[in-house]
Amino acid sequence: MGPHPAVAAIRLAVRRVLNDIAAQVPDTFTAAHNPVPPANPVPSARPAFRPVGDVDPRHAKLRTPRPRPAPDAPLVLVACSGGADSMALAAATAFEAAKLGLRAGAVTVDHGLQRGSTSRAVEVAGRLRALGLDPVDALGVHVGRDGGPESAARDARYAALDSAAERHGASVVLLGHTRDDQAETVLLGLARGSGPRSLSGMAAATGRYRRPFLDLDRAVTRQACAVLDLPVWDDPHNIDPAYTRARVRHEVLPVLEKHLGGGVVEALARTARLFRDDADALDAWAVQAEAEATTDEGLDVTRLAALPPAVRRRVLRRGAIRAGSPPGDLFARHLETMDQLVTDWHGQGPLHLPGAVELRRRSSRLAFRRM
């Protein structure tokens, strides 16, 4: 008899990603491929910590004997908050990685935003070790204020994950985002009016990051954790209406499901895939168009004016980001006002964009600069 359907689903999703990684590994992999860890890898206002001592004996039954990967085998890291999605991801990765000759570790990040967060991170790290993951890091970060609390926490988290991946020489970092998260991301992008790229949601692969669960519902990961008897932590921020994503999750999506019928989450995720295909093609066009329009004095307005609006605005957005504008702070209204310097210029002064970036037109040239 095979595993429970939920457990089989999470393992299959992870196996597909790990198969791609294993296929890229040379037949002769040596320890020389792994960089030497620096002495102080993660500068932070709050120190990194690692739990010590025995792991929770409740999880011993989850540690079935498996082949032990070579010490110099490629390493996959799981980003784990302790919630159902990431704990299911950690369990599936621990189960599948060794069979493919890959090492599997994990990182849990303490944002320091709640009382007892450090102790909780230590506890989560212990659970991850009990699953057989190694190395396991619990990293404390300082969350700033730029872009609001959700954006600032996300930036701090990814900075810690990037640092851990580089320090350990990890091939990839796995994230536990599900189809529900994808649907929420699409709705948030729609509300912000940020254009097709925002509506394309999260990519299955971005740089070193992989998201195996984008085709699975959140209910599947929670059920898998219940079957595997994995304790999970439900972050109170996920139900706090002060956070936009929490309101989308618990207020907006349920209303849509009620009045539009079931399948809204799946439809939104499918929409994201379609938008991503279109956005990728337009982005590729914009890269070429930008190169052709770039001069020593800036962007050639005549060449920009000849482009379709969707491509032209991508060129302008790329220029703003390169000059220092945060991508998440550039909205449709910014793109429209930038575009007007090409299509409706009548001598208006420079535009002031997020990130202290200025866009000015002089004659037939557009130039970005950091103020």
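This one's a predicted model, so the numbers in the text were calculated from it and none came from an experiment.
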Taking the side chain as every heavy atom from C-beta outward, state whether [X] and [Y] have any atom pair closer than 4.5 Å.
X	Y	value
Val173	Val76	no
Leu75	Pro135	yes
Val107	Val78	no
Val17	Asp20	no
Pro254	Arg249	no
Arg317	Pro327	yes
Arg361	Val301	yes
Val172	Leu174	yes

Give the cluster check for [X] versus [Y]: same hydrophobic cluster or not, with ILVMFWY residues linked at side-chain heavy-atom distances below 4.5 Å.
X	Y	answer
Trp345	Leu299	yes
Leu188	Leu260	yes
Val248	Tyr243	no
Leu253	Leu190	yes
Val287	Ile321	no

Check: Residues two or more places apart in sequence or in another chain: which of them pass side-chain contact (heavy atoms from CB on, under 4.5 Å) with Val357?
Finding: Ala323, Ser325, Leu353, Phe368, Arg370

Is the closest basic N to carboxylate O distance between [X] and [Y] below 4.0 Å?
X	Y	result
Lys99	Glu96	yes
Asp283	Arg314	yes
Glu290	Arg322	yes
Arg167	Asp137	yes

Note to self: Apply side chain to side chain contact (heavy atoms under 4.5 Å, CB included) to residues Arg210 and Leu175 and explain how you reach the verdict.
What the structure shows: CA-CA 6 Å; Arg210 303 290 186 274; Leu175 304 174; over 6 Å; no

How many angstroms lie between atom [atom1] of [X] and atom [atom2] of [Y], to the nearest 0.5 angstrom?
X	Y	atom1	atom2	result
Met338	Leu316	CE	CG	5.5 Å
Thr221	Leu89	OG1	CG	9.5 Å
Phe213	Asp180	CZ	CG	12.5 Å
Arg369	Glu358	CZ	CD	4.0 Å
Arg303	Glu292	CZ	CD	6.0 Å
Gln223	Leu216	CD	CG	11.5 Å

For a quick test of reading the model, state the closest non-hydrogen atom pair linking [X] to [Y] and the distance between them.
X	Y	value
Thr206	Ala203	OG1-CB, 3.4 Å
Ala164	Leu139	CB-CD1, 4.0 Å
Pro3	Ala8	CG-CB, 4.0 Å
Trp285	Pro308	CH2-CG, 3.6 Å
Leu102	Pro69	O-CG, 3.1 Å
Arg127	Trp233	NH1-N, 4.4 Å

Kindly say whether [Y] contributes a backbone atom to a donor-acceptor pair with the side chain of [X] at under 3.5 angstrom?
X	Y	result
His4	Ala6	yes
Arg312	Leu307	yes
Arg247	Pro241	yes
His259	Glu257	no

Next item on the list: Starting from Met202, walk the hydrophobic network (Ile, Leu, Val, Met, Phe, Trp, Tyr; side-chain heavy atoms closer than 4.5 Å) and list everyone else you reach, by chain and number.
Entry: Leu214

Under a 3.5 Å threshold, yes or no: a donor from one side chain and an acceptor from the other, between [X] and [Y]?
X	Y	result
Asp300	Thr295	no
Asp329	His334	no
Arg245	Thr185	yes

Next item on the list: If a pair satisfies salt bridge (charged side-chain N to carboxylate O under 4.0 Å, His left out) and one of its residues is in residues 215-225, list it, with sequence neighbours excluded.
Entry: Asp85-Arg218, Arg179-Asp217, Asp181-Arg218, Glu184-Arg218, Asp215-Arg273, Arg222-Asp234

Margin query: Quick one, Asp339 with Glu336, criterion side chain to side chain contact (heavy atoms under 4.5 Å, CB included). Give me CA distance, side-chain angles, the key distance, then yes/no.
Written below: CA-CA 5 Å; Asp339 200 41; Glu336 290 169 1; 5.6 Å; no

Next item on the list: Show the numbers, then the answer: is there a side chain to side chain contact (heavy atoms under 4.5 Å, CB included) between Val141 and Asp110?
Entry: CA-CA 6 Å; Val141 299; Asp110 171 21; over 6 Å; no

Check: Going through the checks in order, is the side chain to side chain contact (heavy atoms under 4.5 Å, CB included) test met by Leu230 and Leu131?
Finding: CA-CA 10 Å; Leu230 286 173; Leu131 291 172; 3.8 Å; yes

